[in-house]
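In this chain, numbering begins with 1 at the start of the sequence shown. Atoms within each ligand, like the ligands themselves, are counted from 1 in listed order. Excluded from the calculations below are hydrogen atoms, water molecules and symmetry mates; all remaining heavy atoms, backbone and side chain alike, are included. Worth saying up front: this structure is predicted, and the values here are computed from it rather than measured.
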Amino acid sequence: MVGTQWGDEGKGRVVDIVAKECAHVVRYQGGHNAGHTLVVDGEVFALQLIPSGILYDHVVPIIGNGVVIDPRVLLTEIDTLAAKGVNCERLMLSPQAHLVMPYHQILDELAEGRRGDNKIGTTKRGIGPAYADKASRTGIRVEDLLDPEHLRSRLRGSLAEKNVILRDVYGHEGVDPDRLADELIDEIAPRVAPYIGDTVGHLHEALHAGERVLFEGAQATFLDLDHGTYPFVTSSNPVAGYALVGSGIGPGAIDQVIGIAKAYLTRVGAGPFVTELHDEIGDHLVEVGREYGTNTGRRRRTGWFDAVMARQAVRLNACTEIALTKLDVLDQLETIKVCVAYEVDGRRYEYLPHLRRLHDKAIPVYAELPGWKTDLSEATERHDLPREAVEYVSFLERQMGVPIRFVCVGPGREQYLRFAA
Ligand code: GDP
Ligand code: IMO
Ligand code: MG
């Protein structure tokens, strides 16, 4: 399951629908830059690291090797869930996942400050610096928590270089490796250790036994480090292909890829946005759709559905179907626009132009469809939808070329309907 836009499509709530019939739910990339919201019986769960399947007792939640884990955030999340009566004992962490350290967060924040007008608008969670360390082979991994002396020496090595950067480039006092090691060894490691397991072995046994495994992408296709709107992207690969790398399974294991798309478009942070609205309709979408970041509280930018991006996302992820969310947010609109193509220097594009400088110049070509002016929040079947709503969803389906399996009409667990057979 993968976001087809710029994140916050409603992945968490769709995972919750599909996980009902799965035995394992795996996060394969990203970290606590994610915020996945589930609303169950009016209670709100905002998950950052723990897979959205956690609310079902029959699901084994797995954090794969491709994720970067801030262990403090993980433990807080476990405690918060426990306080709400959710048992996290089944949670399994890959020993190969990298840890987000306090100095990653400091560096993320300082680097953003230094970029001035060229800010990416990161979540300042340390995600970029943690993945950079992984690639530089100076990262600290989950399994290092099991070996205190090794952990201390890795931290000393990594911080010897980082502290020079912190002090000389940023004028920061630096981070004491031994104090950090003491805290990790005394307070963090004993609590994290019980969750560490052989995630690769576990997944292969599950697949061999014919059990259903759901891979929960965080972020989204156009925040992908390779395929997104670089440099306004995250530092991991949310696209479906990375589910394999980030969890340790082979390509043959995947037989279904569900792309999640909002019925309109949002983006939080900087970067190109061809269909962005700077008018009262944009404000309306923010207010009705409550488009404020799940964990940073930032106001999201809003715009019309972009079928060019959606088509590209279907290609990049090999989506077999789509789940469309937040259709109800469009309830009050008189007419609704959909960007069906881009025009760049007089040429028409049905897919994203292959060069970013062309993308930056793209002018949206819109189709305009009638609104339905009806409250959809109680719809539970396709025939509950007014004709105009069916036409809007069918139009998006034709634009993307794959069936729209689910349509969500409210944040609650039961507020969705099956659209395509
Ligand atoms: P994620 O990061 O993709 O999991 O999405 P977020 O949880 O960050 O943002 C989606 C927001 O929309 C959350 O507040 C959800 O409760 C809410 N939401 C999800 N689906 C729907 C829907 O169909 N209608 C409405 N009105 N809200 C929804
Ligand atoms: P979920 O999983 C929306 C955005 C940030 C910024 C860029 C880089 O909830 O959909 P980072 O902190 O990752 O280095 O920031 O990516 N971003 C998200 N936007 N939803 C997310 O996650 C995001 N995770 C990162 O706003 O533009
Ligand atoms: Mg989110």
Notebook entry, point to check: Which bit of Asp328 is near ligand 1, meaning a heavy atom under 4.0 Å away: side chain, backbone, both or neither?
Noted result: side chain
Margin query: Minimum distance, heavy atoms only, to atom 11 (C) of ligand 1: which one of Lys326, Gln219, Arg290 is it?
Written below: Lys326
Next item on the list: Output, by chain and residue number, all protein N/O/S atoms separated from the Mg ion (ligand 3) by less than 2.8 Å.
Entry: Asp8 OD1, Gly35 O
Next item on the list: State the atoms of ligand 1, each with its element, that fall below the 4.0 Å cut-off from a heavy-atom position in Cys408.
Entry: 23 (O)
Check: Can Tyr103 and Asn163 be counted as having a side-chain donor-acceptor contact under 3.5 angstrom?
Finding: no
Note to self: Show me which atoms of ligand 2 lie under 4.0 Å from any heavy atom of Gly269.
What the structure shows: 27 (O)
Checklist line | Closest candidate by heavy atom, reference atom 19 (N) of ligand 2, pool Thr122, Leu225, Ile120, Val268 | finding: Val268
Checklist line | Positive for side-chain hydrogen bond (donor to acceptor under 3.5 Å, both in side chains) with Asn33, one of Gln219, Lys124, Gln48 | finding: Gln219
Notebook entry, point to check: For His24 and His202, does a side-chain donor sit closer than 3.5 Å to a side-chain acceptor?
Noted result: yes
Next item on the list: Would you check whether Gly7 reaches within less than 4.0 Å of ligand 1, judged by its heavy atoms?
Entry: no
Checklist line | Heavy-atom nearest neighbour of atom 19 (C) of ligand 1 within options His36, Glu9, Lys11, Arg13 | finding: Arg13
Check: Under 3.5 Å, is there a donor-acceptor pair between the Thr320 and Gln256 side chains?
Finding: no
Check: Heavy-atom distance to atom 1 (P) of ligand 2: which of Leu47, Thr229, Asp8, Val68 wins?
Finding: Asp8
Checklist line | Ligand-residue contact atoms, ligand 2 with Gly7, heavy atoms, under 4.0 Å | finding: 3 (C), 10 (O), 20 (N)
Notebook entry, point to check: Are Trp304 and Leu277 close enough that some pair of their side-chain heavy atoms sits under 4.5 Å apart?
Noted result: yes
Notebook entry, point to check: Under a 4.0 Å heavy-atom limit, does Val233 contact ligand 2 with its side chain, its backbone, both, or neither?
Noted result: backbone
Check: Any idea which atoms of ligand 2 are less than 4.0 Å away from a heavy-atom of Lys11?
Finding: 1 (P), 2 (O), 10 (O)
